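To start, the structure itself, in structure tokens.
Within every chain, numbering begins at 1; the chains are lettered A, B, ... in the order of the sequence lines, protein sequences first and strands thereafter. Here the structure is a predicted model, which is why all the values come from computation and not from measurement. Computed over heavy atoms, backbone and side chain alike; hydrogens, waters and symmetry mates excluded.
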Amino acid sequence: GDSVTQMEGPVTLSEEAFLTINCTYTATGYPSLFWYVQYPGEGLQLLLKATKADDKGSNKGFEATYRKETTSFHLEKGSVQVSDSAVYFCALSVNGGTSYGKLTFGQGTILTVHP
Amino acid sequence: GAGVSQSPSNKVTEKGKDVELRCDPISGHTALYWYRQSLGQGLEFLIYFQGNSAPDKSGLPSDRFSAERTGGSVSTLTIQRTQQEDSAVYLCASSLVPTGLSNQPQHFGDGTRLSIL
């Protein structure tokens, strides 16, 4: 079946540090890939997405590149802020056929950024 | 415009009681998904609606769980004879058309936190 594996957390960084959260996947078809973010006390929000190999999704300074050869979609940000403290979820959706696009999520990575 | 709305935001009930959780999707969104977020299992898919039909119920954990959608809009997730392992945050998401057919992203509500005593 489909699955997503994220790096173990929690991750603690100082403000302006570089962030990488690793995400790898296995999928029976050709998936679309997503990063969702959950800020404290809020619901899940789409952060970025990529729908085919070598696509780069980007938003709010975050980037992730769809790497089919390594089945990865690592999240990066060059300089984190305290306001980036949240839980980050990598997810996939397999397209076409009888799939209806249900999301398969990784376990989530808690990011805490200190001033 | 309004986002996905879920009610109640919190629900505490005794083991064995039935509960109903409500989801109001974004207006015009035809696809609706229910997920469950729990400490032990992470985020899991429960059921998918296209219009009022549920072509994918594969994630419902037992026959105590059921869901319906009416008017292509509001959906209700019902849990009968609740058990302590049902304690979780239940999330609803909607998309304009099914994510699998169009790569349309899913928009999530804030969830209902269900606690079974």
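Remark: the backbone N or O of Glu42(A) is not paired with any side-chain donor or acceptor of Asp110(B) at under 3.5 angstrom.
At a 4.5 Å heavy-atom cutoff, Gln107(A) makes no contact with chain B through either its backbone or its side chain. For Gln37(B), the part sitting under 4.5 Å from any heavy atom of chain A is the side chain, from C-beta outward, and nothing else. Within the 4.5 angstrom heavy-atom criterion, atoms from both the backbone and the side chain of Leu44(A) approach chain B. Neither the backbone nor the side chain of Gln45(A) comes within less than 4.5 Å of any heavy atom in chain B.
Applying the side chain to side chain donor-acceptor pair (under 3.5 Å) criterion to Lys11(B), with sequence neighbours excluded, gives no partner residue. With sequence neighbours left out, His107(B) forms a side chain to side chain donor-acceptor pair (under 3.5 Å) with no residue at all.
Both Trp35(A) and Tyr39(A) are part of a single hydrophobic cluster, where members link through side-chain heavy atoms under 4.5 Å apart. Criterion: ILVMFWY side-chain heavy atoms under 4.5 Å apart, direct or through other members. Under it, Tyr66(A) and Leu48(A) are part of a common hydrophobic cluster. Note on Met7(A) and Val113(A): same hydrophobic cluster, where clusters join Ile, Leu, Val, Met, Phe, Trp and Tyr whose side-chain heavy atoms are under 4.5 Å apart, directly or indirectly.
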CA sep, side-chain torsions, deciding dist, call: Gln106(B), Tyr36(A), side-chain contact (heavy atoms from CB on, under 4.5 Å): CA-CA 10 Å; Gln106(B) 294 175 27; Tyr36(A) 278 83; 3.8 Å; yes

List the steps, then state whether ring-ring contact (aromatic ring centres under 6.0 Å, His included) holds for Phe45(B) with Phe105(A). CA-CA 9 Å; Phe45(B) 166 79; Phe105(A) 288 91; over 10 Å; no

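A distance of 4.5 Å separates NZ in Lys102(A) from CG in Asp56(B), rounded to the nearest 0.5 Å.
Within a 6.0 Å sphere centred on CD of Glu69(A), other residues, nucleotides and ligands contribute more than 12 heavy atoms. The local environment of CG in Leu117(B) is crowded, with over 12 non-hydrogen atoms from other residues, nucleotides or ligands closer than 6.0 Å.
Closest approach of Leu46(A) and Pro105(B) over heavy atoms only: CD2-CB, 3.3 Å.
Residues Leu103(A) and Tyr33(B) form no side-chain contact, since every pair of their non-hydrogen atoms from C-beta on lies 4.5 Å or further apart.
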